[in-house]
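Heads up, the thing below is written out as structure tokens.
Worth saying up front: this structure is predicted, and the values here are computed from it rather than measured. Starting from 1, each residue takes its place in the sequence as its number.
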Amino acid sequence: MEHILGTIVTAMITDKNERFLFAQKEGVTFKVMDEEVANYEIGDMIEGFAYINKQDEHALMTTIPSVHEGTYDWGEVVAVQRELGVFVDVGWIGKDLVVSLDDLPAFTTVWPRKGDHLYLTTTTDDKHRMWGKLSPIENLLEKITPGSEEMHNEDVSGTIVSALKAGSYVALKDDYMGFVHPKERDAEPRLGQQVDGRVIGLRNDGVLYLSLFPRAHEVLDEDASMIYEVLKRSEDYHIPYHDKSNPDDIRALFGISKGQFKRAVGRLLKEDIVKQDQTGTYLTESARKREL
């Protein structure tokens, strides 16, 4: 019977009462979840999606859901149980689909949370239990729309479909796919998390390289942005000014007080954009490689 569950079947109406129809397929009786009793008579044939609902009943939906065996679509996480996995609403009447902890990331810190979205299908085990099955990233990569060089620096939004220490894949609109290297994120995003980023490159297979870091002007105030721009244009990304420098020298170059300079540099230090030592202030290696 496990080959019936999760699939579209045609069954015969064998019984009905004031509330429900009952249809039979290969000796299994299914409760029809979404049809009016008056519309059918015993002996009529009915087509629907076969599954087991929350009450452990065999059920049939004539409204075919987008997630069924062999067909993938998005579902919304509605609950998380650390000892079992995550429960996903995929549009089945009276049933959420469980993605087992065995199919989730090893670290629960990057498990999906309530409200996140997963791209999945369903599978049935030899005990007739139905599970959510996440789409392998290889399958998703086969169907992407290749990105282009013209998309460089575009703002994008998408959903994490593969959360790995080596990097995160992001499903974007119009079937584009993004990849975020660990150096382009503050922390590893959750599987199913919605993220905002920008395009910083293009992989040979059409996957877009993304950064989740904001641009400098989005996180820095006017003084910090000015100092950052001076550093970008300076030889070796270095200026001979630090918190011990002469206030007059600072004002002569930047047109701001020493106090303003120190606050601005403090912001740059916090964002890991600069470092300071006795020789002055300089851009960090990561800031030189990032497109700020």
Side-chain angles (χ1 to χ4, degrees), residues 107 109-110 113 115-116 147-160 163-170 172-173 176 178-190 193-203 208-292:
F107 297 100
T109 53
V110 291
R113 296 178 187 171
D116 288 343
S148 66
E149 296 288 355
E150 289 71 26
M151 300 177 72
H152 184 81
N153 210 34
E154 280 189 16
D155 292 324
V156 295
S157 298
T159 304
I160 300 294
L164 305 168
K165 286 294 183 184
S168 305
Y169 281 97
V170 188
L172 306 171
K173 69 176 183 178
Y176 290 108
F179 180 78
V180 182
H181 190 274
K183 291 183 179 179
E184 294 297 335
R185 65 194 192 197
D186 282 326
E188 185 179 358
R190 301 186 308 275
Q193 181 180 350
Q194 179 85 10
V195 295
D196 298 319
R198 57 193 171 89
V199 178
I200 60 172
L202 180 65
R203 213 164 72 178
L208 297 163
Y209 285 118
L210 307 181
S211 175
L212 302 187
F213 289 119
R215 297 173 178 84
H217 69 82
E218 295 171 337
V219 298
L220 304 178
D221 59 24
E222 185 176 341
D223 292 340
S225 294
M226 176 182 60
I227 294 170
Y228 165 69
E229 290 297 330
V230 171
L231 280 164
K232 279 204 306 183
R233 291 162 174 75
S234 299
E235 185 177 357
D236 297 328
Y237 305 103
H238 176 273
I239 54 175
Y241 300 94
H242 46 66
D243 58 0
K244 305 297 183 185
S245 295
N246 186 297
D248 292 336
D249 292 339
I250 291 174
R251 186 175 292 277
L253 179 63
F254 298 106
I256 58 177
S257 69
K258 184 174 180 178
Q260 288 174 290
F261 176 79
K262 290 174 68 174
R263 286 191 294 272
V265 170
R267 184 64 182 270
L268 293 166
L269 287 166
K270 181 180 179 182
E271 297 294 336
D272 194 34
I273 293 174
V274 304
K275 296 292 184 184
Q276 265 193 351
D277 58 25
Q278 65 274 14
T279 69
T281 305
Y282 55 92
L283 287 180
T284 62
E285 285 294 328
S286 61
R288 297 178 198 183
K289 294 176 182 178
R290 281 165 46 193
E291 295 189 31
L292 298 171

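- Under the rule for a salt bridge (Lys or Arg N to Asp or Glu O under 4.0 Å), the partners of Arg190 that lie at least two apart in sequence or sit in another chain are Asp116.
- For His181, the side-chain hydrogen bond (donor to acceptor under 3.5 Å, both in side chains) criterion is met by no residue, not counting sequence neighbours.
- Side-chain atoms of His242 come within 3.5 Å of backbone atoms of Gln278 as a donor-acceptor pair (strictly under, hydrogens ignored).
- Across Gly178 and Leu172, no two heavy atoms sit closer than the pair N-CD1, 4.0 Å.
- Nearest heavy-atom pair across Met151 and Leu208 is CE-CD1, 3.6 Å.
- Shown here are the salt bridge (Lys or Arg N to Asp or Glu O under 4.0 Å) partners of Arg203, two or more places apart in sequence or in another chain: Asp205.
- Of the possible donor and acceptor atoms, one in the side chain of Thr284 sits under 3.5 Å from a partner among the backbone N and O of Asp272.
- Atom CD of Glu222 sits in a sparse spot, with 12 or fewer heavy atoms from other residues, nucleotides or ligands closer than 6.0 Å.
- Legend: residues meeting side-chain hydrogen bond (donor to acceptor under 3.5 Å, both in side chains) with Gln276, ordered by chain and number and at least two apart, are Thr281.
- For Asp277 against Thr279, the heavy-atom pair with the smallest separation is OD1-OG1, 2.5 Å.
- The heavy-atom pair separating Ser157 from Asp196 by the smallest distance is OG-OD1, 2.6 Å.
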Under the side-chain contact (heavy atoms from CB on, under 4.5 Å) criterion, do Glu188 and Phe107 qualify, and how do the steps go? CA-CA 11 Å; Glu188 185 179 358; Phe107 297 100; 5.8 Å; no
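- Here the shortest heavy-atom pairing between Ala166 and Pro182 reads O-CD, 3.3 Å.
- The shortest heavy-atom contact between Val195 and Pro189 is CG1-CB, 4.3 Å.
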Identify all side-chain donor-acceptor contacts of residues 252-263 below 3.5 Å with residues at least two apart in sequence or on another chain.
{"unit_1": "Ser257", "atom_1": "OG", "unit_2": "Gln260", "atom_2": "N", "d": "3.1"}
{"unit_1": "Ser257", "atom_1": "OG", "unit_2": "Gln260", "atom_2": "OE1", "d": "3.3"}
{"unit_1": "Lys258", "atom_1": "NZ", "unit_2": "Asp243", "atom_2": "O", "d": "3.0"}
{"unit_1": "Lys258", "atom_1": "NZ", "unit_2": "Ser245", "atom_2": "O", "d": "3.1"}
{"unit_1": "Gln260", "atom_1": "OE1", "unit_2": "Ser257", "atom_2": "N", "d": "2.9"}

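- Under the side-chain hydrogen bond (donor to acceptor under 3.5 Å, both in side chains) criterion, Glu154 pairs with no residue at all, not counting sequence neighbours.
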Report the C-alpha distance between Asn153 and Val199 in whole Å, list the side-chain angles of each, state the deciding distance to 0.1 Å, and finish with yes or no for side-chain contact (heavy atoms from CB on, under 4.5 Å). CA-CA 5 Å; Asn153 210 34; Val199 178; over 6 Å; no
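- No side-chain heavy atom of Tyr228 sits under 4.5 Å from any side-chain heavy atom of Val274.
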Show, in sequence, the C-alpha distance, side-chain angles and deciding distance for Glu184 and Phe179, and conclude whether the side-chain contact (heavy atoms from CB on, under 4.5 Å) test is met. CA-CA 10 Å; Glu184 294 297 335; Phe179 180 78; over 6 Å; no
